[in-house]
Q: 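Below you'll find the structure I mean.
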Amino acid sequence: QVQLAESGGGSVQAGGSLKLSCAVSGVIFSSCGMGWYRQAPGKERELVSTISSVGTTIYADSVKGRFTISQDNAENTLYLQMNSLKTEDTAVYYCAADCPGFYSGDFFVPRRGNYWGQGTQVTVSS
């Protein structure tokens with residue numbers, strides 16, 4: 001069973017920082033492309049940042065220079081360090097994984113899948 005569990009959201013004033021975490025299980029974490037997405041009220045879900053299995057990173061223009069994506073393969077955890085937060089960063093943040101396979105019990109099933117976490121709320125106030 002593949003699970004993605006976000007944590008670290010909360011409320012912060014503009015200019016502050018938060019660090020989101022996403023604990024991943026049920027896949028070979030280091031083989032997955034990972035990403036953070038967000039959805040603000042009344043808006044569509046949008047890409048924030050992605051990191052490939054070889055460490056290539058992509059950032060939305062709106063967060064470049066302020067957010068940093070990283071991962072710890074030993075801990076099967078994805079991170080998003082968010083600095084200089086703005087009110088427009090307020091959204092539910094989702095962790096996503098694009099993996100070439102998954103574990104079913106002790107067996108690895110080589111079937112590509114896309115997985116999402118349940119989301120964590122980030123609220124930035126002025």
Q: Return the minimal non-hydrogen interatomic distance between S21 and T77, and the atom names on each side.
A: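 Heavy atoms only, the tightest pair is CB-CG2, 4.2 Å.
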Q: Between K64 and D61, does any side-chain N to carboxylate O distance fall below 4.0 Å?
A: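 Salt bridge present between K64 and D61.
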Q: Do the side chain of R66 and the main chain of S84 share a donor and acceptor less than 3.5 angstrom apart?
A: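 Present.
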Q: Quick check: does any side chain N or O of W36 sit under 3.5 Å from a backbone N or O of Y79, one acting as donor and the other as acceptor?
A: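 Answer holds: yes.
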Q: Going by heavy atoms in the side chains, are E75 and F29 under 4.5 Å from each other?
A: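 In short, these two side chains do not touch, never coming nearer than 4.5 Å.
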Q: What distance do N76 atom CG and C22 atom SG have between them, rounded to the nearest 0.5 Å?
A: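 Result: 10.5 Å between the selected atoms.
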Q: Would you say that V2 contacts Y103 through its side chain, given a criterion of any heavy-atom pair below 4.5 Å between the two side chains?
A: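 V2 does not reach Y103 side chain to side chain.
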Q: Quick check: do E46 and Q39 have side-chain heavy atoms less than 4.5 Å from each other?
A: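 No, every pair of side-chain atoms sits at 4.5 Å or beyond.
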Q: Identify the two heavy atoms, one from A60 and one from L47, that lie closest to each other, and give their separation to 0.1 Å.
A: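 Smallest heavy-atom distance, with atoms named: CB-O, 3.5 Å.
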Q: Would you say the side-chain atoms of E6 pair up with the backbone N or O of Q118, donor to acceptor, closer than 3.5 Å?
A: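 Looks like yes, one N/O pair under 3.5 Å.
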Q: Other residues, nucleotides and ligands only: do more than 12 of their heavy atoms fall within 6.0 Å of CD on Q13?
A: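 At most 12 heavy atoms, drawn from other residues, nucleotides or ligands, come within 6.0 Å of this atom.
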Q: Indicate the atoms forming the closest heavy-atom contact of I69 with S49, along with that distance.
A: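 Smallest interatomic distance, heavy atoms only, reads CG2-OG, 3.2 Å.
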Q: Are the aromatic ring centres of W116 and Y37 under 6.0 angstrom apart?
A: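 Centroid distance W116-Y37: below 6.0 Å, so yes.
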Q: Specify the closest pair of heavy atoms between C95 and M34, including all atoms of both residues, with the distance to one decimal.
A: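 So the minimum-distance heavy-atom pair works out to SG-CE, 3.8 Å.
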Q: Considering only heavy atoms from C-beta outward, does the side chain of F67 approach that of Q81 to under 4.5 Å?
A: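 No, every pair of side-chain atoms sits at 4.5 Å or beyond.
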Q: Roughly how far, to the nearest 0.5 Å, is OG of S30 from CG of D72?
A: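 Between D72 CG and S30 OG, I get 11.5 Å after rounding to 0.5 Å.
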Q: Check the hydrophobic clustering (I, L, V, M, F, W, Y; side-chain heavy atoms under 4.5 Å; chains of links allowed) and say if V24 and Y115 are grouped together.
A: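 The answer is yes; both residues are in one hydrophobic cluster.
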Q: Show the nearest heavy-atom pair for residues L78 and G35, with the distance to one decimal.
A: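 Heavy atoms of L78 and G35 come nearest at CD2-O, 3.8 Å.
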Q: Less than 4.5 Å apart, side chain to side chain, heavy atoms only: is that true for M82 and D89?
A: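 SC-SC contact between M82 and D89 ruled out.
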Q: How close do V27 and C32 get, counting heavy atoms only, and between which atoms?
A: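 Shortest heavy-atom contact: CG2-SG, 3.8 Å.
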Q: Please examine the side chains of L20 and T120, heavy atoms only from C-beta on, and report whether any two atoms are closer than 4.5 Å.
A: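 Yes, their side chains come closer than 4.5 Å.
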Q: Could you state the interatomic distance from OG (S52) to CD1 (I58), rounded to the nearest 0.5 Å?
A: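 Between S52 OG and I58 CD1, I get 8.0 Å after rounding to 0.5 Å.
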Q: Any side-chain heavy-atom pair from V48 and Y93 closer than 4.5 angstrom?
A: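 Contact flag for V48/Y93 side chains = yes.
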Q: Indicate yes or no: at least one non-hydrogen side-chain atom of V122 is less than 4.5 angstrom from one of T90.
A: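 With C-beta onward as the side chain, the pair stays apart.
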Q: Taking the six-membered ring of Y94, is the NZ or CZ of R38 close enough (under 6.0 Å from the centre) and on axis enough (within 45°)?
A: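 No - R38 does not lie over the ring of Y94 by the 6.0 Å and 45° rule.
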Q: Please tell me whether S17 and N83 have a donor and an acceptor in their side chains that are separated by less than 3.5 angstrom.
A: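 Present: a donor and an acceptor within the cut-off.
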Q: Once you round to the nearest 0.5 Å, how far does SG of C99 lie from CD1 of I28?
A: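 The SG atom of C99 sits 9.0 Å away from the CD1 atom of I28.
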